[in-house]
Amino acid sequence: QVQLVESGGGLVQPGGSLRLSCAFSGSIFSIYAMGWYRQAPGKQRELVAAISSGGRTNYADSVKGRFTISRDNAKNTVYLQMNSLKPEDTAVYYCNVRGGDSWGQGTQVTVSS
């Protein structure tokens with residue numbers, strides 16, 4: 001089965017930047033569309049960015065122009081570059097294959113002054 005391990009979260013000031021990484025194993029990474037999701041306390045998990053097997057990207061309106069999703073198929077890794085961070089970006093961030101139903105631990109991102 002697919003296994004995913006997120007890393008790179010932390011505490012950052014508003015306006016700062018952070019890069020999240022997601023290591024994939026257990027299947028053929030290059031054929032999967034991937035997504036980054038986040039869940040804040042009291043809210044449902046939401047998709048914030050997605051990337052197809054061919055590298056086409058889509059973003060939630062709330063992060064357009066600030067976040068960039070990318071993938072390195074040679075390293076079986078997907079990234080989320082987050083710039084101009086806002087307090088409302090605070091959440092646990094998860095990666096998954098699109099349509100995946102099993103979730104890992106995620107990585108905490110806290111944006112606070």
State, without any angle test, whether Asn58 and Arg56 hold a side-chain donor-acceptor pair at a distance under 3.5 Å. no
Short question: side chain of Arg66, backbone of Ser84 - any donor-acceptor pair under 3.5 Å? yes
Scanning both residues in full, the closest heavy-atom pair of Ser30 with Arg71 reads CA-NH2, 4.1 Å
Report yes or no: do Ile69 and Val5 belong to one cluster of Ile/Leu/Val/Met/Phe/Trp/Tyr joined by side chain heavy-atom distances under 4.5 Å? no
Could you tell me whether a side-chain N or O of Asn96 sits under 3.5 Å from a main-chain N or O of Ser102, the two making a donor and an acceptor? yes
Tyr94 vs Cys22 side-chain heavy atoms within contact, under 4.5 Å: no
Closest contact, heavy atoms only, Gln105 versus Val92: O-CG1, 3.9 Å
Keeping Ser52 on the side-chain end and Gly54 on the backbone end, is there a donor-acceptor pair under 3.5 Å? yes
Using a 3.5 Å distance criterion without hydrogens, assess whether the side chain of Ser62 forms a donor-acceptor pair with backbone atoms of Ala60. no
Validation row: Val78, Phe24 side chains within 4.5 angstrom (heavy atoms): no
Approximate separation, where rounding is to 0.5 Å, of Ser113 OG and Gln13 CD: 7.0 Å
Taking the side chain as every heavy atom from C-beta outward, state whether Asn83 and Phe67 have any pair of such atoms under 4.5 Å apart. no
So, taking the atom named CG in Asp89 and the one named CG in Leu18, what distance separates them when rounded to the nearest 0.5 Å? 10.5 Å
Would Lys64 and Asp61 pass as an ion pair if we require N to O under 4.0 Å? yes
Over 12 non-hydrogen atoms of neighbours within 6.0 angstrom of CD in Glu88: yes
Ser21 side chain to Tyr79 backbone, donor-acceptor under 3.5 Å: no
Taking the side chain as every heavy atom from C-beta outward, state whether Cys95 and Tyr37 have any pair of such atoms under 4.5 Å apart. no
State, yes or no, whether a side-chain contact exists between Tyr93 and Met82 at a heavy-atom distance under 4.5 Å. yes
With the side chain counted from C-beta on, respond yes when Pro87 and Pro14 share a heavy-atom pair under 4.5 Å apart, and no when they do not. yes
Is a side-chain N or O of Thr107 found less than 3.5 angstrom from the main chain of Gly9, in a donor-acceptor match? yes
Heavy-atom closest pair, residues Leu80 and Val48: CD2-CG2, 4.4 Å
Would you say that Arg38 contacts Leu47 through its side chain, given a criterion of any heavy-atom pair below 4.5 Å between the two side chains? no
Would you say Glu46 has more than 12 foreign heavy atoms packed within less than 6.0 Å of its CD? yes
Hey, could you give me the CG/CZ distance between Asp72 and Phe29, rounded to the nearest 0.5 Å? 8.0 Å
Are Trp36 and Val97 linked, directly or through intermediate hydrophobic residues, by side-chain heavy-atom contacts shorter than 4.5 Å (ILVMFWY only)? yes
How about Leu4 and Met34: do any of their side-chain heavy atoms sit closer than 4.5 Å? yes
Step by step, work out the side chain to side chain contact (heavy atoms under 4.5 Å, CB included) result for Gln81 and Ser17. CA-CA 8 Å; Gln81 178 67 47; Ser17 297; 4.0 Å; yes
Can you establish whether the number of heavy atoms outside Leu11 located under 6.0 Å from its atom CG is more than 12? yes
Under a 3.5 Å threshold, yes or no: a donor from one side chain and an acceptor from the other, between Ser53 and Tyr32? no
List the atom of Asn76, the atom of Asn73, and the distance in Å for their closest heavy-atom pair. OD1-O, 3.1 Å
